[in-house]
Number of protein chains: 2
Amino acid sequence: MNTLVTVDLQRASRLLKLLGDPTRLTMMKLLKSHECCVCEFVAIFKMSQPAISQHLRKLRDIELVKEERRGQWVFFSINEDHEDYPFIQSILEQLPEQNESIAELEAQGLRICCE
Amino acid sequence: MNTLVTVDLQRASRLLKLLGDPTRLTMMKLLKSHECCVCEFVAIFKMSQPAISQHLRKLRDIELVKEERRGQWVFFSINEDHEDYPFIQSILEQLPEQNESIAELEAQGLRICCE
DNA sequence: CTAGCATATAATGATATGCTTATATACGCA
DNA sequence: TGCGTATATAAGCATATCATTATATGCTAG
């Protein structure tokens, strides 16, 4: 009896299924420490823009991530207000940091900063 | 930096994908507190025996569960020696207990005891 | 307004998944 | 040995998933 809050099994399995894709899982891990826009993900995953967009849509559909348009770009970030965020967080915590991806982006001058 | 051990992202996503099915996730949660044999799962999930058997095989293929034949029956249990067991455990801990399923089995006289 | 870049959506196709039914295997008992 | 029960495997099918290409939309800058 060491957790106060539990996650309904059906809901949990839907979340885990979404996280059960290496691209989406990595996205979530990245987003945990950095906001990213779509084109950054395209550069990181070396995958077509629509593929990235579709993964992000799935994450957004169940509100695991939020999006915010800034000028031309759409930035994604983790939705910490999600009812099951503690569950998600406990999973992401156990994954290795993905700072190299971000560092590589910066090295290539592909990191987007906008204001 | 509060976890010492992290799970490779590829491996983590494979595990999460397997847990991302409500039947398998429930199986794992049940197995966390009770050994079960195949016919018990058939009764619990009201699903065909081959379907149950195939789910168990997937869990066994990546060694999340162990099997042990006892007479006519094959009992499954969680493999606590799995390299990623701490990861799995941290997920299962956050799911509600499934004791009703077991209680129901017992009420119907379907719980298997063999020795 | 138009051109160009960022992103989203639609349509399509290959492969994976999860069930079903039919059949094979393994064990226990008479 | 042969039968009944428990389980595993094989084959087939419907649907889901994840990519692709083509196209639409939205914003910015000139």
Side-chain angles (χ1 to χ4, degrees), chain A residues 9-10 13-28 31 35-62 64-77 105 108-115, chain B residues 9-10 13-28 31 35-62 64-77 105 108-115:
Chain A
L9 258 161
Q10 295 295 324
S13 66
R14 250 185 296 118
L15 292 171
L16 295 174
K17 187 175 190 175
L18 272 180
L19 297 183
D21 172 276
T23 304
R24 285 192 297 265
L25 187 60
T26 308
M27 281 175 163
M28 289 294 289
L31 289 175
E35 282 194 338
C36 291
C37 72
V38 180
C39 61
E40 291 175 316
F41 282 131
V42 172
I44 289 170
F45 292 106
K46 296 172 180 68
M47 200 178 278
S48 72
Q49 174 269 318
I52 296 296
S53 194
Q54 285 159 22
H55 280 304
L56 286 167
R57 184 147 74 112
K58 288 183 187 183
L59 293 175
R60 199 206 44 198
D61 280 351
I62 53 163
L64 283 181
V65 302
K66 296 179 291 185
E67 59 176 300
E68 184 192 331
R69 180 175 278 275
R70 288 190 213 142
Q72 236 170 333
W73 298 281
V74 176
F75 281 78
F76 284 81
S77 58
L105 264 196
Q108 299 174 320
L110 293 175
R111 184 90 173 130
I112 306 294
C113 287
C114 66
E115 51 263 341
Chain B
L9 258 160
Q10 295 295 322
S13 66
R14 251 185 295 119
L15 292 170
L16 295 175
K17 187 174 189 174
L18 272 179
L19 297 183
D21 172 277
T23 303
R24 286 192 297 266
L25 188 60
T26 308
M27 280 175 162
M28 288 295 289
L31 289 175
E35 283 193 338
C36 291
C37 72
V38 180
C39 60
E40 291 176 316
F41 282 131
V42 172
I44 290 170
F45 292 106
K46 296 171 178 68
M47 199 178 278
S48 75
Q49 175 268 318
I52 295 296
S53 195
Q54 285 159 19
H55 280 302
L56 286 167
R57 183 147 75 110
K58 288 184 186 182
L59 293 176
R60 198 206 45 199
D61 281 351
I62 52 163
L64 283 182
V65 302
K66 296 180 291 186
E67 60 176 298
E68 185 192 330
R69 178 174 280 276
R70 287 191 213 142
Q72 236 171 332
W73 298 281
V74 177
F75 281 77
F76 283 82
S77 59
L105 264 196
Q108 298 173 320
L110 294 175
R111 184 87 174 132
I112 307 294
C113 287
C114 67
E115 51 264 341

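Quantities reported herein were computed from a predicted structural model and do not represent experimental measurements. Every chain is numbered from 1 and lettered A, B, ... according to where its sequence line falls, protein lines coming before strand lines.
- Against DNA chain D, the stretch residues 13-28 of chain A makes heavy-atom approaches under 4.0 Å through A:Lys17, A:Asp21, A:Arg24.
- Rounding to whole angstrom units, CZ of residue A:Arg60 and C1' of C:dT7 are separated by 11 Å.
- For A:Leu56 against A:Val65, the heavy-atom pair with the smallest separation is O-CG2, 4.2 Å.
- At a cut-off of 3.5 angstrom, counting only N and O atoms as typed in the model, there is a donor on one side and an acceptor on the other between the side-chain of B:Gln54 and the base of C:dT20.
- Of all the heavy atoms in A:Glu40 and A:Cys37, the pair that sits closest is OE1-N, 2.8 Å.
- In this structure, the CG atom of B:Leu59 is 14 Å from the C1' atom of C:dG18, given to the nearest Å.
- Distance, A:Asp61 CG to C:dT9 P: 9 Å, rounded to whole Å.
- Rounded to whole Å, the distance from CZ on A:Phe75 to P on C:dA8 is 12 Å.
- Closest contact between the side chain of B:Pro50 and the listed nucleotides D:dG26, C:dC27, D:dT9 involves D:dT9.
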Report the C-alpha separation of B:Leu64 and B:Leu15 in whole Å, then their side-chain angles, then the decisive distance to 0.1 Å, and conclude whether the side-chain contact (heavy atoms from CB on, under 4.5 Å) test is met. CA-CA 9 Å; B:Leu64 283 182; B:Leu15 292 170; 4.0 Å; yes
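- Considering only side-chain N and O atoms, B:Arg57 lies under 4.0 angstrom from the phosphate OP1 or OP2 of D:dT9.
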Please evaluate residues B:Lys17 and A:Asp21 with respect to the criterion side-chain contact (heavy atoms from CB on, under 4.5 Å), reporting the C-alpha separation (whole Å), side-chain torsions for both, the decisive distance (0.1 Å), and the verdict. CA-CA 7 Å; B:Lys17 187 174 189 174; A:Asp21 172 276; over 6 Å; no
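- Taking only distance into account, the side chain of A:Gln49 never meets the base of C:dT9 through a donor-acceptor pair shorter than 3.5 Å.
- Overall bending of the helix from C:dC1-D:dG30 to C:dA30-D:dT1, expressed as the angle between end axes built from five pairs apiece, is 20° (10° steps).
- In this structure, B:Met47 atom CE and C:dT20 atom P are separated by 7 Å, rounded to whole Å.
- If you take CG of A:Leu56 and C1' of C:dT9, they are 14 Å apart, rounded to a whole angstrom.
- The side chain of B:Val38 sits closest to D:dA8 out of D:dT20, D:dA8, C:dA8.
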Throw together a table of side-chain donor-acceptor distances under 3.5 angstrom for residues 41-53 of chain B, partners on residues two or more places apart or in other chains.
from    : atom 1 : to      : atom 2 : distance (Å)
B:Ser48 : OG     : B:Ala51 : N      : 3.2

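- Between A:Arg70 and A:Glu68, at least one side-chain nitrogen of the basic residue sits less than 4.0 Å from a carboxylate oxygen of the acidic one, meeting the salt-bridge criterion.
- Between A:His55 and D:dA19 there is a side-chain polar atom (N or O) within less than 4.0 angstrom of OP1 or OP2.
- One donor-acceptor pair, N or O on each side, does fall under 3.5 Å between the base of D:dT5 and the side chain of B:Gln72.
- A salt bridge is absent between A:Glu67 and A:Arg69; no separation between the charged side-chain nitrogens and carboxylate oxygens falls under 4.0 Å.
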Could you walk me through whether B:Cys39 and B:Trp73 pass the side-chain contact (heavy atoms from CB on, under 4.5 Å) check? CA-CA 8 Å; B:Cys39 60; B:Trp73 298 281; 3.9 Å; yes
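- One atom, CD of A:Glu67, and another, P of D:dT25, lie 17 Å apart when rounded to the nearest Å.
- Closest approach of B:Leu25 and B:Leu19 over heavy atoms only: CB-O, 3.4 Å.
- One interatomic measurement links the two molecules: CD1 of B:Ile52 to P of C:dC19, which rounds to 8 Å at whole-angstrom precision.
- Between A:Lys58 and D:dT17 there is no side-chain polar atom (N or O) within less than 4.0 angstrom of OP1 or OP2.
- B:Arg24 places no side-chain N or O within 3.5 Å of a backbone atom of B:His55 that could act as its donor or acceptor partner.
- Contact annotation: A:Ser48 side-chain N/O to D:dT20 OP1/OP2 distance is under 4.0 Å.
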